[in-house]
Amino acid sequence: EPQEPVYRIGFSQCTTGDAWRRAMLAGMEKELSLHPNVQFQMLDAHSDTDLQQRHVQEFIRQRVDLLIISPNQSGPLTTLAESAYNQGIPVIILDRRTSSRLYTAYVGGNNLEVGRTAGRYAAQLLRGHGHVLEILGRPGSSPAIDRHQGFTQALAAYPGLALAGQLTGDWRPASVLAQLPAVLRQHPETDLIFAHNDPMGQAAHQVVQQLGLAGRIRIIGVDGLPGPGNGLQLVEDGALTATLLYSPGGEEAIRTALRILRHEPYAKDNILVTMVVDSANVGAVRSQTERLAAQQQDIRRQQQRWVMQQRRYASQKMLVYLLLAS
Ligand code: FRU
């Protein structure tokens with residue numbers, strides 16, 4: 001069997017500070033474990049756009065074989081991503097977008113659709129009447145822009161629904177804990193909160209509870225991660241009325257990277273599906289993700305066993321050879 005060449009993949013990640021990014025990395029590592037010929041390096045920008053610019057420059061300087069970028073903010077990373085692409089380095093944009101079509105492939109959800117689905121779901125919950133408050137992700141990051149646009153588009157179809165207030169968050173719960181009490185005091189009429197991700201939705205739930213409004217205000221989040229304290233559990237516990245599944249796509253990013261590196265056919269836009277999870281289907285979704293995880297673990301165990309057997313077989317062959325030669 002011919003040996004695969006060594007491939008160097010650089011990954012410029014906007015942050016690793018939350019469960020969703022950790023799930024993304026775990027997915028990447030799972031897929032990378034099948035490709036020992038890949039040298040993978042991740043640089044974590046800690047939500048700092050300037051630092052991320054330097055990271056991308058560094059990967060270009062190293063002339064990595066492929067670059068994966070999840071841009072903290074779209075605008076400031078666009079020129080650099082384009083420049084890598086124009087220099088012949090394949091570029092995969094993951095989850096958050098640049099504002100350019102000059103990239104090799106995109107992997108991630110359709111955030112306009114995430115926002116629209118949240119808006120339609122909110123309208124259903126409130127039977128077309130009520131006051132809605134939106135908690136946005138970090139300004140300038142593409143999912144915040146697209147989720148907002150989709151959400152307001154969907155609400156516009158319901159004259160009885162008003163976007164009563166807005167809060168500019170930064171994807172992190174602390175920004176919500178600090179600002180939401182004042183916003184809610186200004187907008188006591190609020191019936192529903194759409195938070196651009198589950199961690200901010202969870203923080204909103206905390207605030208709403210502290211203000212004694214938990215029975216009245218419903219909260220929708222985005223991400224729907226399995227695991228303790230994450231979105232699926234928040235829905236099961238009733239802290240969130242619903243969440244929209246938004247897959248981190250780590251496995252898919254590495255699979256796409258290998259197709260590109262091996263000059264195999266690949267799709268330019270790899271859109272991961274999203275769906276609403278609420279009390280009606282959270283049990284089913286949860287057991288399905290758990291079953292999938294268990295199956296994948298089985299497969300990995302079998303792969304490891306196979307590698308061990310190969311090694312044992314190779315050393316036995318060596319032994320026979322030595323005996324015959326002596
Ligand atoms: C994690 C995260 C997710 C969100 C995504 C948007 O860092 O904030 O919660 O869905 O990034 O890019």
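Numbering of ligands and ligand atoms starts at 1, following listing order.
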Item to check | Proximal ligand 1 atoms for Tyr246, defined as those under 4.0 Å from one of its heavy atoms | outcome: 10 (O)

Checklist outcome for this item: Interatomic distance, CG@Asp95 vs OH@Tyr246, rounded to 0.5 Å, equals 3.5 Å

Item to check | Stacked cation flag Arg97 on Tyr106, 6.0 angstrom / 45 deg | outcome: yes

Checklist entry - So, is Asn197 polar-close to ligand 1, with some N/O to N/O distance under 3.5 Å? => result yes

Checklist entry - Could an N or O of ligand 1 be found under 3.5 Å from any N or O of His196, whether backbone or side chain? => result no

Item to check | Test item: Thr78 side-chain N/O and Ser99 main-chain N/O as donor-acceptor pair under 3.5 Å | outcome: yes

Checklist outcome for this item: atom 5 (C) of ligand 1 sits nearest the protein heavy atom Arg21 NH2, 3.7 Å

Next on the checklist: Tell me whether Val222 reaches ligand 1 (any heavy atom closer than 4.0 angstrom to a ligand atom).
Outcome noted: no

Checklist entry - Does any non-hydrogen side-chain atom of Ser287 lie less than 4.5 Å from one of Arg291? => result yes

Checklist entry - Is it true that Arg97 lies under 4.0 Å from ligand 1, counting heavy atoms only? => result no

Item to check | Distance filter under 4.0 Å to Pro143 heavy atoms, resulting ligand 1 atoms | outcome: 6 (C), 12 (O)

Checklist entry - Are any of the N or O atoms of Thr15 closer than 3.5 Å to those of ligand 1? => result no

Item to check | Salt bridge flag under 4.0 Å for residues Arg255 and Glu264 | outcome: no

Checklist entry - Taking only heavy atoms of Trp171, which atoms of ligand 1 are found under 4.0 Å from at least one of them? => result 6 (C), 8 (O)

Checklist entry - For Cys14, does its backbone N or O pair with a side-chain atom of Asn72 as donor and acceptor, under 3.5 Å? => result no

Item to check | Contact atoms of ligand 1, heavy-atom distance to Asp18 under 4.0 Å | outcome: 1 (C), 7 (O)

Next on the checklist: Looking at Arg54 and Asp48, is there a salt bridge between them, counting it only when a charged N and a carboxylate O are closer than 4.0 Å?
Outcome noted: no

Checklist outcome for this item: If you scan protein heavy atoms around atom 12 (O) of ligand 1, the nearest is Arg96 NE, 2.7 Å

Item to check | Distance, nearest 0.5 Å, that separates CG of Leu258 from CG of Leu34 | outcome: 9.5 Å

Checklist entry - Near Arg147, which atoms of ligand 1 are under 4.0 Å from a heavy atom of that residue? => result 4 (C), 10 (O)

Next on the checklist: To the closest 0.5 Å, what do you measure between NE2 (His55) and CD (Gln41)?
Outcome noted: 9.0 Å

Checklist entry - Can you tell me which residue and heavy atom of the protein come closest to atom 10 (O) of ligand 1, and the distance to 0.1 Å? => result Asp223 OD1, 2.7 Å

